[in-house]
Protein chains: 2
Amino acid sequence: MRSDEIIRRLRRSGYKVTPQRVSIIKTLLGSREALTPAALFQKVRLVDPTVGEVTVYRTLNILSELGLVCVVSTAENVNGYIVRPGGHHDHLICSECGKVVDFRNCNVSELEKRLASETGFVIKEHRLDLYGLCPQCA
Amino acid sequence: MRSDEIIRRLRRSGYKVTPQRVSIIKTLLGSREALTPAALFQKVRLVDPTVGEVTVYRTLNILSELGLVCVVSTAENVNGYIVRPGGHHDHLICSECGKVVDFRNCNVSELEKRLASETGFVIKEHRLDLYGLCPQCA
DNA sequence: ATGGTTGCAAAGACTTTGCAGGAGG
DNA sequence: CCTCCTGCAAAGTCTTTGCAACCAT
C-alpha cells in the first residue's frame, strides 16, 4: 500500500490530514520490519521533530481501526505495527545478520483451502516468515 | 505438547515445579485460544486460588524464555500467550475478534526446499499466519 | 469559522522488582 | 538445609485521556 492511498482513506473517513500523520505513515511504510510505538516515534522524530509520542499512539490507533495497519508480536513481547500488506507478505529472514529477502509465489493457496474446510474460517490473506541463515552467514 | 512434557522441561532447566506453575501450565493448555496474562490469571484463580497475578507473569516469562509458549497479538492490542505447538508456529487468526487457532501440517517443506536452492539460505524454521474471519464472525 | 488535532502533563493500565516468609529438591 | 519461589506492595513502563492552543478544511 502506498502513502497516498492511506492518506486518501484517512480523509475519506473524516480524519484530517496533518503533517504529523503524514510523517508517521511515511515512516511506517519505509520500514521493512514491524515497529513498536516507541521505535516509530524515534524514527519519525528524526524526520519531523514536531511529532509527539502521543500523536504516534493516536495515529496508530486510527490506522488500526481503519484496518490499514496490523499488529504483530515482537520478540520482546511488545506490540509492533506494520502497514497491512496488499496481497501477501512473505519474508526469508537471516537469524544471524537480520537480512530480509521478500518473495512471492509462496503457494499456500492449497493449504488455505484445506484449512478453510477444516475450520470454517474465511481466509483472506497470510504472512509467512521463514527463518534461517543467509549464504554469507551459513 | 502435554503438561508433563512441559513440566519435565522446566525441571530439566533447573526450575522448581510448584503447584502454582502446574496450575498455570494446565490452564494454558486447556485453552484453545490465546490468553492474556489477566485472562489466564482469572482462569487459574478458579482452579487454584493460591496463584497470584505476579506468579502468572513470572511463569509466562519462564515458559517464553524456554520457547514453550508463544506470544500472539490479540484483538485489543494486548499480548496473548498460547502453548507452542510441536515443531512450528502456525496460526489462523480472525481479523474481527482476534481469535487464534493453531494448526499443524502446514506443509511448506516443499517451498522451503525450492527457496533454499533459489536463494542459498539454510532454512531452519518458519512462522505462518493466516488472516481471515472465523465462523462466528463471517 | 469550527471542529478535529496537537503537545504537554497527568492519570490509568500493564508488567517487573524488592523483600520477607515459605516450600521444593 | 539451601536455594529458589511466592504473594504483597511498590516501582517502573507503556498507553490513554483532559486541556488549552492550533491548524486543516
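Every chain is numbered from 1, with letters handed out A, B, ... down the list of sequences. Side-chain atoms are counted along with the backbone in the values below, which use heavy atoms only and exclude waters and symmetry mates.
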Which whole-number value in Å describes the distance from Ile7(A) CD1 to dT25(D) C1'?
16 Å
Please enumerate all residues that pass side chain to side chain contact (heavy atoms under 4.5 Å, CB included) together with Thr27(A), with sequence neighbours excluded.
Leu40(A), Lys43(A), Val44(A)
Once you round it to whole Å, what is the distance between C1' of dA24(D) and CD1 of Ile62(A)?
14 Å
Applying a strict under-4.5 Å side-chain criterion to I, L, V, M, F, W and Y, I'd like to know whether Val47(A) and Val22(A) cluster together.
no
Is there a path of hydrophobic side-chain contacts, each under 4.5 Å between heavy atoms of I, L, V, M, F, W or Y residues, that connects Leu28(B) with Val54(B)?
no
Tabulate below the donor-acceptor pairs under 3.5 Å that side-chain atoms of residues 2-10 of chain A make, not counting sequence neighbours, or state none.
| residue | atom | partner | partner atom | Å |
| --- | --- | --- | --- | --- |
| Arg2(A) | NE | Asp4(A) | OD1 | 3.4 |
| Arg2(A) | NH2 | Asp4(A) | OD2 | 3.3 |
| Glu5(A) | OE2 | Arg2(A) | N | 3.4 |
| Arg9(A) | NH2 | Leu66(A) | O | 3.2 |

Of residues 12-30 of chain B, the positions that come close to DNA chain D - non-hydrogen atoms, cut-off under 4.0 Å:
Tyr15(B), Lys16(B), Thr18(B), Gln20(B), Arg21(B)
Using atom CG of Leu10(B) as one end and atom C1' of dC5(D) as the other, report the distance to the nearest whole Å.
12 Å
dT17(C) P sits how many Å from Glu53(B) CD, rounded?
16 Å
Could you tell me how far apart Arg58(A) (CZ) and dA9(C) (P) are, to the nearest whole angstrom?
14 Å
Arg11(B) side chain to Lys16(B) backbone, donor-acceptor under 3.5 Å:
no
Check the distance between dC14(C)'s P and Leu35(B)'s CG and give it to me in whole angstrom.
15 Å
If only side-chain N and O atoms of Asn61(A) are considered, is one of them under 4.0 Å from the OP1 or OP2 phosphate oxygen of dT15(D)?
no
Return no unless some side-chain N or O of Arg11(A) is found under 4.0 Å from OP1 or OP2 of dT25(D).
yes
Glu65(B) atom CD is separated from dT16(C) atom P, nearest whole Å, by 11 Å
Are Tyr57(B) and dT15(C) close enough that a side-chain N or O sits under 4.0 Å from OP1 or OP2?
yes
Figure out the CG/P separation between Leu60(A) and dC14(D), and round it to whole Å.
15 Å
Do Val56(A) and Ile62(A) land in one hydrophobic cluster if side-chain heavy atoms of ILVMFWY residues count as linked below 4.5 Å?
yes
Tyr81(A) and Tyr15(A): same hydrophobic cluster, using ILVMFWY side-chain contacts below 4.5 Å?
yes
